[in-house]
Each structure stands twice: as C-alpha cells, then as structure tokens.
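What follows is a set of notes on a single structure, which appears directly below.
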Amino acid sequence: MNDTLSPALARRVALAAQGLGRTRPATVGTRQLHGLVDRLEVLQIDSVNVFERSHYLPVFARLGAFDKSQLDRLTFSPGRYIEYWGHEATLMPVESWPLFRWRMKAFRQRSLSDPDSWAHAHGPFLQWLRDELAEKGPLAASEVEHDANRRTGPWWGWSDVKIGLETLFRWGEIVSAGRSGFERRYALASQIVPDDIRSREIDRTDAIRELLRRGAVAHGVGTLEDLADYFRLPIADARVAIAELEDAGEVLPVTVLGWNRGARPRQAWLARDARKPRSIVADALLSPFDPVVWARPRAERLFNFRYRIEIYTPRHKRIHGYYVLPVLLDDTLAARVDLKNDRQARALRVQAAWLEPGAPENTAERLAALLRRTAEWQGSERVVVVDRGTLAAPLASALGVALTADGDYSP
C-alpha cells in the first residue's frame, strides 16, 4: 500500500531535494559551488541576459551572493564540468557525460538515416570541421575560416559552420572547451574529455535507469513524467526503469493528495533518502529555468502556480512581464517580479511586481530585503520599482522608494 503525502509535505520534500531551505554559507567558495552543481546535476544555460544569465540564478537562490567569475572558471574551463543536452543545454559533471552516449547515438542515427537531412547532405563538410578542429582547436564558430561561415538571417539564422559544429556537438564527437563572451568554443572530444571517461560505454538501459534515479533524488518526489523530465528521458524507457528502481528500493511509491488525473490519484514516487522537513525557511528568486519551476505542469501541481515565460509574447499581450521570476518565500511561490538589470544606470529595475494568492502578509518586506541583496550582488546602487502590478506599491513602500512610471525600457 502506498504511503500518502500531503501537498505541503510534497512541496517541502521537493524544495529540500533542491537544496532550498538550507542555511546559506557566510562565504561562497569553490567547495560550496562544487557541492551545489554536483547536487543539482545540471545548470541550464540560456542566452537571455536582461536581468542575469540563467545558470547563475539557481546558485544565487541557494547560496546567496557569489563570485560569478569563479563559477565561470569552474564550469566553463575544461575539467570537472562539461556542456551537453542534459535537460536542455546544460552544464553537468564530466563524469555524467557517458550516461548520455545513447542520446548522442540517437541524434547521429536520426540525422544520417534521413536522406533529406542537413547532416546527410554535408558529410564532407563535417569531415572538414573535424580536421580543422584537430589542427587548430579549440575554436569558436566565429573563428572558423570558411566561406560557409555566414549567417542566413537574424537571431537563429546560423551559418553552415555553426550548424555543423552543433551537429557534431550533439553527436558527442566534439565538446565545449569553455566559453568566451558567452560564445561556446569547440574541440574534439579527444582533446578535452579524459580518456577513461571518453571510452566508458554504458548500456542504454542502465544509463536511463541511473539518470532516472538521479532525477528522483534531485526532485525528491514526483510523478513518472516529473522524474523523467529532469533529463528529458523517453517515457516508455522511464516506465521500465522506475519499476526496476522500485524493486531495488531506490524509490518508494507514494500518493500525494490532490495530485490527480481526473478523479483518479496519480502515481508518484519518493526518493529513498529524501528529506521530509517539517518546515522550509527560504527566500529566493527562481530563474524560469530553475529545476523547481522549469516543468510548468509540475510547478502548477506543487505550488498552484501557473507560470509561462512571456519573452516571445508581444508586449500588449503579456500578463505579468518580459522576464518574470517566481519569488519563493518558505514553501510558497508568493509573488512574481519582472526584473531588468540596468547596468548603465547601475539600477535593478522591477518592471512589474505581482502578489500571489496565499502569499505571507510580510511578502513585500521580505521581497524588498531579497531585492536589496540581489542589487548588491549585481553591483547595482539602487532598486527602482515601476508602477505595474498588484505588489508594486507595497514593494516600493517597503523599499522606501517612490513608484516610477513605466519607463522607456520595453523589450
């Protein structure tokens, strides 16, 4: 018979598994950064920089202020970490890289089995890129000298060079050798990945089972879809793996009250060693790509919080703002704020602030303190609050600043 968890306990288990609610260290150094990245397994990378790049934010949410350049040295230099498609584009421990060899093989097979694919039509060009990296690597795409190194349009209009490098990256033949100005540098796997890791072969079934186990540990509790999503695993394979993990005692079947599919309760699993804290004391700004909220259906189920990123929504159709971050207070998503780091003016701009149902009475005061710490971490001298949203006026009052009109910044 399944154990039953209350929704509140499920939230606390999930947050504790993610390292939220712990006492933040007085100073953040290499040991703390290593410990956090290893715990999360992945840091999702995203190029949007209107407030801060996404991979920094889960670290700040859990550890507090830290030196971003130190994290860059640890994660963007060849060594302990590597980039690959773990969830989406992610940083992960290099030891995890062989667990995704089945994904690399699947990407390659899918590309080459389609006679109309780009890779199928550009075999000689891909070999030229391999040879170029062997001779001159590591290289950024912009450093590759070739007539095909021209963009074909704005935004994601990649050149053939960039497409080719990303293709070989997905296949695992080349890897990231760090970043310069956030531009990825590429190298042959043999130039970066240690021989013992590069030669490690893990059976697809074993790899997926291990990744699902790690997803369960990272989530604490979740449905099969939740646990599989942590590393974007195929559901059919995850279903086989969860049964094996249950038989091995790695996960325990549970029912979470209110987690229903229609009138029927959804099956969920609890990681064997998951903590069950009686309370969570936390305050954090969550990136749209933080594991706590990156799966929107899970966030809605855990927190009754419907979240959509509106970057690509025309301004007049946005509900909450351009780059909106959920605000975690204890075990509640109490608010959401649309933030911009106005680096030229050295100001942290709150473009909009919204109060959520069930938020603590002192939400404005706690958020004000959190934003002051955030501004200091970002090197901003002040916090500016725009008069938009149900929380804007109380937040401005708590900060001791006047509300401003919707300024000239509007992405």
Side-chain angles (χ1 to χ4, degrees), residues 42-50 53-55 72 75-79 81-92 94 96-193 197-199 231-232 234 289 309 311-312 411:
V42 289
L43 286 179
Q44 186 168 332
I45 303 167
D46 188 79
S47 61
V48 176
N49 197 27
V50 63
R53 297 202 191 277
S54 66
H55 65 285
D72 288 345
T75 55
F76 286 145
S77 300
Y81 302 102
I82 198 167
E83 290 184 38
Y84 193 62
W85 291 89
H87 179 75
E88 292 290 329
T90 51
L91 290 159
M92 66 176 70
V94 68
S96 300
W97 190 75
L99 289 168
F100 294 94
R101 199 173 298 280
W102 61 273
R103 179 166 287 165
M104 300 170 194
K105 292 177 180 178
F107 281 142
R108 180 186 180 91
Q109 182 178 12
R110 191 178 307 131
S111 296
L112 296 181
S113 62
D114 179 2
D116 297 323
S117 72
W118 185 94
H120 195 277
H122 290 78
F125 181 64
L126 289 172
Q127 185 56 51
W128 182 86
L129 285 173
R130 295 182 187 101
D131 295 341
E132 191 76 354
L133 288 174
E135 179 183 353
K136 302 176 182 177
L139 294 170
S142 60
E143 296 172 325
V144 177
E145 297 180 8
H146 195 281
D147 291 341
N149 203 0
R150 293 191 302 271
R151 292 169 65 108
T152 56
W155 290 91
W156 300 109
W158 284 353
S159 69
D160 279 348
V161 166
K162 178 66 172 177
I163 293 171
L165 291 170
E166 284 296 311
T167 297
L168 294 173
F169 177 80
R170 283 174 177 265
W171 294 358
E173 291 191 37
I174 67 175
V175 297
S176 174
R179 288 181 177 243
S180 177
F182 205 65
E183 183 181 14
R184 182 185 284 149
R185 298 178 64 78
Y186 300 89
L188 297 177
S190 59
Q191 296 171 322
I192 299 295
V193 182
I197 294 176
R198 188 165 48 87
S199 62
F231 293 108
R232 294 292 168 89
F289 311 107
I309 191 167
I311 290 174
Y312 303 111

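With values rounded to the nearest 0.5 angstrom, L91 atom CG is found 3.5 Å from I45 atom CD1. Distance check, rounded to the nearest 0.5 Å: CD1 of I192 to CD1 of I82 gives 8.0 Å. In this structure, the separation between CD1 on I163 and CZ on F125 is 9.0 Å, given to the nearest 0.5 Å. To the nearest 0.5 Å, the span separating CG on L168 from CD1 on I174 amounts to 5.0 Å. Remark: R185 CZ to L139 CG distance equals 6.5 Å, nearest 0.5 Å. Considering CZ of F100 and CZ of R170, their distance stands at 13.5 Å, rounded to 0.5 Å.
Residues meeting the side chain to side chain donor-acceptor pair (under 3.5 Å) test with S176, sequence neighbours left out: E83. With sequence neighbours left out, S96 forms a side chain to side chain donor-acceptor pair (under 3.5 Å) with R214. A search for salt bridge (charged side-chain N to carboxylate O under 4.0 Å, His left out) contacts involving E88 returns R232, not counting sequence neighbours. Contacts of E132 classified as salt bridge (charged side-chain N to carboxylate O under 4.0 Å, His left out), with partners at least two apart in sequence or in another chain: K136. In this structure, the side chain to side chain contact (heavy atoms under 4.5 Å, CB included) partners of Q127, at least two apart in sequence or on a different chain, are R130, D131. Contacts of Y81 classified as ring pair (Phe, Tyr, Trp, His ring centres under 6.0 Å), with partners at least two apart in sequence or in another chain: H34. Annotation: ring pair (Phe, Tyr, Trp, His ring centres under 6.0 Å) contacts of Y186 (sequence neighbours excluded): none. For S111, the side chain to side chain contact (heavy atoms under 4.5 Å, CB included) test picks out A119, W171, with sequence neighbours left out. Contacts of N49 classified as side chain to side chain donor-acceptor pair (under 3.5 Å), with partners at least two apart in sequence or in another chain: R343. Among residues two or more places apart in sequence or in another chain, the ring pair (Phe, Tyr, Trp, His ring centres under 6.0 Å) test is passed with F107 by none. Partners of S190 according to the side chain to side chain contact (heavy atoms under 4.5 Å, CB included) rule, which considers only residues two or more places apart in sequence or in another chain, are L188, R198.
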When you look at V42 and F289, which way does the side chain to side chain contact (heavy atoms under 4.5 Å, CB included) test go after all the steps?
CA-CA 11 Å; V42 289; F289 311 107; over 6 Å; no
Passes side chain to side chain contact (heavy atoms under 4.5 Å, CB included), E143 versus V161? Steps please.
CA-CA 10 Å; E143 296 172 325; V161 166; over 6 Å; no
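Judged by distance alone, with hydrogens and angles left aside, the side-chain atoms of S180 form no donor-acceptor pair with the main-chain N or O of E183 at under 3.5 Å. Listed for the R53 side chain is a donor-acceptor partner under 3.5 Å among the backbone atoms of S47. Looking at T90, its side chain does come within 3.5 Å of a backbone N or O of Y84 through a donor-acceptor pair.
When all heavy atoms are compared, the tightest approach of L129 to L165 is CD1-N, 3.8 Å. Residues A189 and G172 share a closest heavy-atom pair of CB-O, 3.7 Å.
Between W118 and H122, the ring planes are parallel. Angles under 30° get that label, and only those over 60° would be called perpendicular.
Judged as a salt bridge (Lys or Arg N to Asp or Glu O under 4.0 Å), the pairs with a partner in residues 108-125 (not counting sequence neighbours) are, in order, R108-E173.
In this structure, R103 is not positioned above the aromatic face of F231 in the sense of NZ or CZ being under 6.0 Å from the six-membered ring centre and within 45° of the axis.
Contact annotation: the side chain of I197 approaches that of P98 to within less than 4.5 Å [non-hydrogen atoms, C-beta and beyond].
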